[in-house]
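Worksheet: one structure, shown below.
Numbered from 1 within each chain, the chains take letters A, B, ... in sequence-line order. Hydrogens, waters and symmetry mates play no part in the numbers below; they use all other heavy atoms, side chains included.
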2 protein chains.
Amino acid sequence: MNNNDKPPLRRVTSIDVAERAGVSQSTVSRALSGSETITEATRRRVELAAEQLGYHVNARAAGLRRGETGTIAIVVIGREGQGPAAINPFYYSLLGSTCAAAAERGYEALVSFQARPEEFFGHYVARRQADGVVVIGTATNEAAWDYFRTCAEQSKGMAFWGSPFDDSVWVRSDNREAGRLAVERLARSGAERIVFVGDTASSQRQFRERYEGYRDAMEQAGLLPVEPVISDGEDRVSQGRNAIRQMADSGAGFDGLFFACDAMALGALEELASLGIAVPDQVGVIGFDGLGSGEFSAPPLTTVQPDFAQAGMTLVDTALASGEDRPERRVKVHLVERASVR
Amino acid sequence: MNNNDKPPLRRVTSIDVAERAGVSQSTVSRALSGSETITEATRRRVELAAEQLGYHVNARAAGLRRGETGTIAIVVIGREGQGPAAINPFYYSLLGSTCAAAAERGYEALVSFQARPEEFFGHYVARRQADGVVVIGTATNEAAWDYFRTCAEQSKGMAFWGSPFDDSVWVRSDNREAGRLAVERLARSGAERIVFVGDTASSQRQFRERYEGYRDAMEQAGLLPVEPVISDGEDRVSQGRNAIRQMADSGAGFDGLFFACDAMALGALEELASLGIAVPDQVGVIGFDGLGSGEFSAPPLTTVQPDFAQAGMTLVDTALASGEDRPERRVKVHLVERASVR
DNA sequence: CTGAAAGCGCTTACAG
DNA sequence: CTGAAAGCGCTTACAG
């Protein structure tokens, strides 16, 4: 029950277990790793000894010998000069699903948040800390992506979520489908002058893909696609606010809005309200991301969301695929109906 | 530039670097680990060789020899039967700050999401995968906390955020101060009949502490503290909604509300709106957590928030403190002014 | 300032 | 089915 025999002076090793069970170290190893060639009786004896001694196999020594790390590294890129508190919740969801996917594949997840150049590091595979690395996070930190782009040239086993460059192993949402879904839903509500808001030249490549999906869907619906509305702003929320102000000033009419991301849509909702433009009655609004914040906005935000579980799994599998086959991986998206479209 | 010399058949080791630099393995080790006793010239030679070969020291082998892991494990407890998508964003923020704190202390972070009994695991220290483990996440998963409580009895180096039990090394917000802050702010807006909403017998011990802070502050302000309002509901959001309905039915008057957490407050805001009760004009509302969702609610939610950076740091330091001194660690809180109080 | 040797705690051919 | 021995890739006393 308690340790009044003798205090553990030294960490208990497989040799201690072997001694206690009256077998060799090899047998302990085999018994505890589930080898087939061990008698049930022996295995039980070993397991008992291990439990009595509070023994757990030293994962690092085992891995060193086996040559596998059994872990996958996940790096989350943040905006320079901002802490993890400023991370877009979208990436937290993605991080969570990626960890879960890693676990499902039998891997541990080593995660790091990187924002400043001094802390950029991606050589986890070379350092034998991981068998693969997945990189997610804001596309706005150029220095970080430059760094990781170089990393990817040097090492195998890297997978990126929505990288700002195409020449590496990336995983993305099916953004064209997202555009289609949004336009279709807006059109169904009766909207005809639907505009896409977001910078199609953004380092976030996925924005452009969403715009293309919008454009094609508009044409297919017999509607007139217009040029994307691009606005400035410190962050995505103010970009959304400013876009509305800009459109109001220009006097261009619109009755449906598809935003490149939820944060912009959320800012827009505020601005629309303060301008007295009713959502969804005068204008329907759809975002992209599926942020939790959209559940409580006024009105709750209808949005397109990727399948996070699939995203995490694809990221992990891609990182582990050792780069020989480089399939373009697209993650399914679906519409989350809330109340910003009639 | 490219590898047309010969493809790397085998992983490059410190022996390869030694050979190339014309020194011994010991020297390579010393040069690369920043030992003082090495000539600058030698060091440069070694570094050059390492770079040319694309060598990185094998972290696992080094750690095995050194006896340190250099990593801290972070486990995030989820609700059974729900994936990481259902994790309260509060814990994501806390996870992010904990990872950042670990990095600041020179540690890697090994994170896992655990919700089902089959996946409970906390013996990272025994398995030599980490030097300490911090556990955060929902207090509602009893089986998980039972498991980790037992873990904590067996191993040193564990730190818990807001554990449902007191007999272990926990870190918590300064919840009484939170209660004081909320009451003071509400009173300043002119509220007199202020009520606390939240289950004071909840497994989330911090709820009770917030209530106690509320109660004491009410007395000090010469106001009458009332019994906490407790409501049922699937999740915290519906508990918030139901609390409002309950209070409306009972006819008890109130002009200030302090919720045990933001999710409840957010649900309450919706219900208040649908009942036509104006916030903040008829009733002031304050939550706890600092969720991002509160920025976009109608109206934006005034809330009390812990200092996440401090929380992460305290968690890491506590886990690493090897348990000999068990200081009760309280994390500072502050009021985030938004628009749900006059 | 540098090298040769031992050892961190495992696993896995190789024998028997 | 089990054991003795070698080795995974480092670091660190111990010498010189």
Side-chain angles (χ1 to χ4, degrees), chain A residues 8-47 49-50 53-71 123-131, chain B residues 8-47 49-50 53-71 123-131:
Chain A
L9 299 168
R10 187 173 61 77
R11 195 129 236 139
V12 13
T13 74
S14 65
I15 294 185
D16 302 317
V17 178
E19 198 170 305
R20 176 154 199 141
V23 297
S24 74
Q25 197 186 16
S26 329
T27 299
V28 171
S29 172
R30 286 191 273 251
L32 262 25
S33 67
S35 159
E36 294 290 305
T37 86
I38 290 281
T39 312
E40 220 17 68
T42 309
R43 186 192 310 280
R44 257 197 292 275
R45 207 139 41 87
V46 171
E47 282 171 347
L53 294 168
Y55 172 76
H56 290 264
V57 354
N58 181 321
R60 205 170 16 186
L64 176 58
R65 180 54 232 253
R66 281 220 175 94
E68 305 158 355
T69 70
T71 110
H123 297 284
Y124 293 98
V125 175
R127 236 173 26 174
R128 301 278 60 216
Q129 287 195 111
D131 295 332
Chain B
L9 298 168
R10 186 171 63 76
R11 195 132 234 136
V12 14
T13 74
S14 65
I15 293 185
D16 303 318
V17 178
E19 198 170 305
R20 175 153 200 143
V23 297
S24 76
Q25 196 185 17
S26 326
T27 299
V28 171
S29 171
R30 284 191 274 250
L32 264 25
S33 68
S35 160
E36 294 290 302
T37 88
I38 290 281
T39 311
E40 219 18 68
T42 311
R43 188 194 308 281
R44 257 195 293 275
R45 205 138 43 87
V46 171
E47 282 171 348
L53 294 168
Y55 172 76
H56 290 264
V57 354
N58 181 321
R60 205 168 16 183
L64 176 58
R65 181 53 232 251
R66 280 219 174 93
E68 304 157 355
T69 70
T71 109
H123 297 284
Y124 293 97
V125 175
R127 238 175 21 178
R128 300 280 59 216
Q129 288 197 109
D131 295 332

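Side chain of A:Asp131 to backbone of A:Gly70: a donor-acceptor contact under 3.5 angstrom is found.
Phosphate contact (OP1/OP2 of D:dT2, side-chain N/O of A:Thr42, threshold under 4.0 Å): present. For the OP1/OP2 pair of C:dT12 and a distance below 4.0 Å, the side-chain nitrogens and oxygens of A:Arg66 include at least one atom meeting the criterion. In this model, the phosphate group of C:dT11 is not approached by any side-chain N or O of A:Ser14 to a distance below 4.0 Å at OP1 or OP2.
Annotation: side chain to side chain donor-acceptor pair (under 3.5 Å) contacts of A:Arg20 (sequence neighbours excluded): A:Gln52. Considering only residues two or more places apart in sequence or on other chains, B:Ser14 meets the side chain to side chain donor-acceptor pair (under 3.5 Å) condition with B:Gln25. When the side chain to side chain donor-acceptor pair (under 3.5 Å) test is applied to B:Ser33, no partner is found at least two apart in sequence or on another chain.
Relative to the side chain of B:Ser24, the nucleotides C:dC10, D:dC1, C:dG3 differ in distance, and C:dG3 lies closest.
Proximity of A:Asn58 to A:Thr13: side-chain heavy atoms (C-beta onward) are nowhere separated by under 4.5 Å. A 4.5 Å side-chain heavy-atom check between B:Val57 and A:Arg127 finds every atom pair outside the cut-off.
When the P atom of D:dG3 is taken as reference, atom CD of A:Glu19 falls 13 Å away, rounded to whole Å. Computed from coordinates, the A:Gln25 CD to C:dC14 P distance equals 19 Å when rounded to whole Å. Atom pair A:Arg128:CZ and D:dC8:P shows a separation of 14 Å (rounding to whole Å applied). Taking atom CZ of A:Arg60 as the reference point, atom P of D:dG7 lies 23 Å away to the nearest angstrom. If you take CG of A:Asn58 and P of D:dG9, they are 17 Å apart, rounded to a whole angstrom. In this structure, the CD1 atom of B:Ile15 is 13 Å from the C1' atom of C:dG3, given to the nearest Å. What separates CZ of B:Arg45 from P of C:dC1 is a distance of 14 Å, to the nearest Å. With rounding to whole Å, A:Arg65 atom CZ is found 14 Å from C:dC8 atom C1'.
Distance check: A:Thr37 OG1 to A:Arg43 CZ gives 8.5 Å after rounding to the nearest 0.5 Å.
Residue whose closest nucleotide on DNA chain C sits further toward the 5' end, between B:Val23 and A:His56: B:Val23.
As rounded to the nearest Å, C:dT2 and C:dA6 have P atoms that lie 23 Å from one another. Distance check on atom P: D:dC1 versus D:dA5 gives 23 Å, rounded to whole Å. Using atom C1' as the reference point in both D:dT12 and D:dG16, the two lie 16 Å apart (nearest Å). D:dG9 and D:dA13: their P atoms are spaced 23 Å apart (whole Å).
Residues A:Ser29 and A:Ser26 have side chains that never bring a donor and an acceptor to within less than 3.5 angstrom of each other.
Looking at heavy-atom distances under 4.0 Å, A:Thr37 makes contact with a base. In this structure, B:Leu64 reaches the bases: a heavy-atom distance under 4.0 Å links it to at least one base atom across the strands shown. When heavy atoms are screened at a 4.0 angstrom cut-off, A:Ser26 is found touching base atoms of the nucleic acid.
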Would you write the dot-bracket representation of DNA chain D, where each base gets (, ), [, ], | or . depending on whether it forms a Watson-Crick or G-U pair under 3.5 Å and with which partner? |||.||||||||.|||
Side-chain atoms of residues 60-67 of chain B: list all donor-acceptor pairs with protein atoms under 3.5 Å, sequence neighbours left out, distances to 0.1 Å.
| residue | atom | partner | partner atom | Å |
| --- | --- | --- | --- | --- |
| B:Arg60 | NH1 | A:Glu68 | O | 2.6 |
| B:Arg60 | NH2 | A:Glu68 | O | 3.2 |

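Other residues, nucleotides and ligands contribute over 12 non-hydrogen atoms within 6.0 Å of the CD atom of A:Glu47.
Proximity of residues 28-35 of chain A to DNA chain D (heavy atom under 4.0 angstrom from any strand atom) is restricted to A:Arg30.
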